[in-house]
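Here's a structure for you.
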Amino acid sequence: MESLNRRLTFIDLLRAYAILMMLQGHFTDTLLGDAFRDPDNLLFSTWKYLRGMTAPLFFFASGLIFTFLLLRDGRPLSANKRVHKGLRRGLQLIVIGYALRLCFPQLLSGYISPNLFRVDVLHCIGLALIGLVAIYAVSRWSRLPYALLLAAAGGMAFFFYFEVRDGQYASFPVVLQNYLIRDHGSVFTPVPWIGYTFLGGTLGTLLHYRPGWAFSHVLPAVLIALGVLMDQYSSNWLMSLYHGTGVQTFKDHAYFNFLLIRLGHVLVVVSLFMWLAQAWRNIPPLLLKIGSETLAIYEVHYILLYSTWFGIGLSALWAHSLTPVQTFIGALTFLAFFVVLIAYIDRIRAIWRSKSRWAMRLSRVAIRRRYHRWAYR
C-alpha cells in the first residue's frame, strides 16, 4: 500500500507541476506586450523554453496516469470500470473543449464564430484516452503486449506528422480539417501530440508491472540518460535511418526534430520527479490535490483568461499590453487564485450542488403551476 501511494504521489506531483506551468505560460503568452518578446533576452528565452515543455509534459502525464489506473483495475475488458470511464471521459473532454469556446453574447445575436470549431488540448487528450482504451482492447484480443502497442502507436503519431500536416483536405468539412491541420486556427492537432500520451502510457504500463523500478534509482537514471541521449543524438539517429532506408520522413524529422528532443526533455523531468517523490516525505496535500484537479483548473482558467463565455476576461482587457513586471505580478496572482480555488473546491462544489438542487426544485414547482393553470382554464 505504501508503494502504491508513493507511486500515485509521483504522478500527482508531475501533473501539479504541468498544470501550474500551463497557467503561468498561458497568462504570460496572452498578456505580455509584444515589445518585450525578445528571443535574445535570456529571461524571455528561458520562459519560452519552459512554456514549450508544458504541452508534451501534460500529454505524457495524462497517458501515464490513465494507463496506470486502467491496468490497476485488473478485471476483464467488459467489466473494467476504467475502460468505460475512459471512453466516457474522452467524449466528455471533446464536448468540454467545444463548450469552453462558446461565446453566449455572439450566440444570442445569431453569430457562430469559427473559433468554436478549433481544436485544442482537451480535444486531443479526449481522443488520446479513447485511443488508449482501443489499443488496450486490441492488446487483450491479440495478446500482444500493451506497452509494445502503445510505443508503436506513439511512434506512428510522430512518424506521420509531416504527412498529415501537409495533406490536402480542402474537400473535408472545416470541423474535421481542424483535427488534421492548423490552418484554421487549431492550437493542437491529435497528430503528433497524442504520441506523447501513448508514450506516457507505455511508461505507465511498465510502472504497473514493475512498481519497484520507480522507487529505486535505476529507472530514473535510465530515463535521464535516455533523455539526454535523445536531446543530443536523436537527429543523428534519424539521419542514419534516412540513409539506411531512403525514407524522406526520417530526414524531415531530423531537420525539424522538436518531437524527439522534447520527448527527451520530458523523460528528464519525469526522472527528476521520481527522485523528488522518493526524497520529499511530507508533501503538502494541497499540492497533490492540485495535481488531481487539472481539468477543473483548465476549465476555469480558459474562461477567465480567454474571455470566451461572456466576452469578458483578461485577454479582452489587457491582451499583449502588460510590461514584464506587471506580467510577473499578474502571473503570481493568477497562480495564487487557483491555489486558493483548489484549497476550497470541495466546499464550492458542495454549495454549487446544493444551489443547483434548490434551483431544480423551484423550476419543477414553477412548471407544475403553469401546467395546472393551463390545464384548468
Side-chain angles (χ1 to χ4, degrees), residues 26 29 52 54-56 58-60 62-63 66 86-104 106-107 109-138 149-150 152-201 247-253 255-260 262-263 295 298-299 302-303 306-309 315:
H26 286 183
D29 183 61
T54 302
F58 202 80
F59 281 105
F60 191 92
S62 298
F66 178 79
L87 295 174
R88 185 170 64 252
R89 175 55 66 93
L91 293 172
Q92 180 187 32
L93 289 178
I94 294 171
V95 172
I96 292 173
Y98 286 120
L100 288 176
R101 290 181 170 273
L102 289 171
C103 182
F104 296 116
Q106 291 180 349
L107 290 177
S109 66
Y111 174 71
I112 299 178
S113 171
N115 178 62
L116 175 64
F117 304 108
R118 294 172 181 170
V119 172
D120 212 323
V121 170
L122 294 187
H123 304 80
C124 294
I125 293 181
L127 285 176
L129 293 184
I130 296 171
L132 288 170
V133 173
I135 295 170
Y136 181 64
V138 171
L149 292 177
L150 286 176
M156 289 176 64
F158 285 1
F159 180 83
F160 289 106
Y161 167 56
F162 292 108
E163 283 76 8
V164 173
R165 186 197 66 178
D166 299 332
Q168 301 299 314
Y169 309 108
S171 61
F172 291 15
V174 173
V175 174
L176 181 56
Q177 289 185 44
N178 283 330
Y179 283 90
L180 301 168
I181 54 177
R182 297 173 58 188
D183 295 12
H184 304 292
S186 290
V187 180
F188 294 95
T189 53
V191 175
W193 294 101
I194 62 173
Y196 287 107
T197 307
F198 293 153
L199 294 172
V247 177
Q248 180 66 31
T249 299
F250 290 125
K251 184 177 180 180
D252 294 338
H253 279 284
Y255 286 169
F256 190 51
N257 184 21
F258 73 98
L259 291 171
L260 291 182
R262 284 297 187 188
L263 177 60
L295 179 58
Y298 187 90
E299 292 170 337
Y302 200 95
I303 296 168
Y306 295 118
S307 314
T308 51
W309 278 7
S315 65

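By convention here, the first residue in the shown sequence is residue 1.
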Looking at CD1 of I125 and CD1 of I96, how far apart are the two atoms once the value is rounded to the nearest 0.5 Å?
->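 If I round to the nearest 0.5 Å, the distance is 11.5 Å.
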
Is a side-chain donor or acceptor of N178 paired with a backbone partner of F117 at a separation under 3.5 angstrom?
->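 Between the backbone of F117 and the side chain of N178 there is a qualifying donor-acceptor contact (under 3.5 Å).
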
Close side-chain approach of Y169 and L176, heavy atoms under 4.5 Å |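 They are not in contact (no side-chain heavy atoms under 4.5 Å apart), so the answer is no.
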
Gap between atom CZ of F188 and atom SG of C124 - 0.5 Å precision |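 So the SG of C124 and the CZ of F188 are separated by 7.5 Å.
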
Flag side-chain contact, heavy atom, 4.5 Å: L91 against I130 =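 Yes, close enough: below the 4.5 Å cut-off.
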
Of all heavy-atom pairs between S315 and S307, which one has the smallest distance, and what is that distance?
->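 Closest approach of S315 to S307: OG-OG, 2.7 Å.
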
Y179: partners by side-chain contact (heavy atoms from CB on, under 4.5 Å), with sequence neighbours left out |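 Expected list: I94, Y98, V119, H123, L127, P190.
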
Between G131 and F198, which heavy-atom pair has the shortest distance, and what is it?
->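 Taking G131 first and F198 second, the nearest heavy atoms are C-CE2, 3.9 Å.
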
If you measure from NE2 on H26 to OH on Y306, what distance do you get to the nearest 0.5 Å?
->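 H26 atom NE2 to Y306 atom OH measures 4.5 Å (nearest 0.5 Å).
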
Does some side-chain heavy atom of F59 sit less than 4.5 Å from a side-chain heavy atom of L199?
->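 No, side chains not in contact.
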
Could you give the distance from CD (Q248) to NE2 (H253), rounded to the nearest 0.5 Å?
->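 Output value for this atom pair is 10.5 Å.
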
Let me see the working for R118 and V187 under side chain to side chain contact (heavy atoms under 4.5 Å, CB included), right down to the final yes or no.
-> CA-CA 7 Å; R118 294 172 181 170; V187 180; over 6 Å; no

Heavy-atom distance under 4.5 Å between the side chains of T189 and R182, does that happen here?
->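 Counting from C-beta outward, T189 and R182 do come under 4.5 Å.
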
Would F60 and L263 count as a side chain to side chain contact (heavy atoms under 4.5 Å, CB included) if you check the C-alpha gap in whole Å, the side-chain angles of each, and the deciding distance to 0.1 Å?
-> CA-CA 9 Å; F60 191 92; L263 177 60; 4.2 Å; yes

Apply side chain to side chain contact (heavy atoms under 4.5 Å, CB included) to the pair V133 and F66, showing each step before the final yes or no.
-> CA-CA 10 Å; V133 173; F66 178 79; 3.7 Å; yes

Please identify each residue that fulfils side chain to side chain donor-acceptor pair (under 3.5 Å) with R101, with sequence neighbours left out.
->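 By the side chain to side chain donor-acceptor pair (under 3.5 Å) rule, R101 matches N115, D120, Y302.
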
OH (Y255) with more than 12 external heavy atoms under 6.0 Å |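 Not buried by this count: 12 neighbours or fewer within 6.0 Å.
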
Do L295 and R89 come within less than 4.5 Å of each other through their side chains, counting heavy atoms only?
->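 When only atoms from C-beta onward are counted, R89 and L295 do touch, with a gap below 4.5 Å.
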
Examine distances only and state if a side-chain atom of W309 and a backbone atom of A99 form a donor-acceptor pair shorter than 3.5 Å.
->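 Side chain of W309 to backbone of A99, a donor-acceptor pair under 3.5 Å: yes, one is there.
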
Could you check T197 against S62 for side-chain hydrogen bond (donor to acceptor under 3.5 Å, both in side chains), going step by step and ending with a plain yes or no?
-> CA-CA 6 Å; T197 307; S62 298; 5.8 Å; no

Is the number of heavy atoms from other residues, nucleotides or ligands under 6.0 Å of I112 CD1 greater than 12?
->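 Open.
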
In Å and rounded to the nearest 0.5 Å, what is the CD1 to CG distance from I194 to L129?
->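 Result: 10.5 Å between the selected atoms.
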
Any donor-acceptor pair under 3.5 Å linking the side chain of Q106 with the backbone of Y111?
->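 No, Q106 side chain to Y111 backbone: no donor-acceptor pair under 3.5 Å.
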
Establish, yes or no, whether the cationic atom of R262 lies under 6.0 Å from the six-membered ring centre of F258 and within 45° of the ring axis.
->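 Judged by the rule, R262 and F258 form no cation-pi pair.
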
Separation between CG of L260 and CZ of F158, rounded to the nearest 0.5 Å |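 Between atom CG of L260 and atom CZ of F158 there are 6.5 Å.
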
Do L102 and T308 have side chains that get closer than 4.5 Å, going by heavy atoms?
->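 No, their side chains stay 4.5 Å or more apart.
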
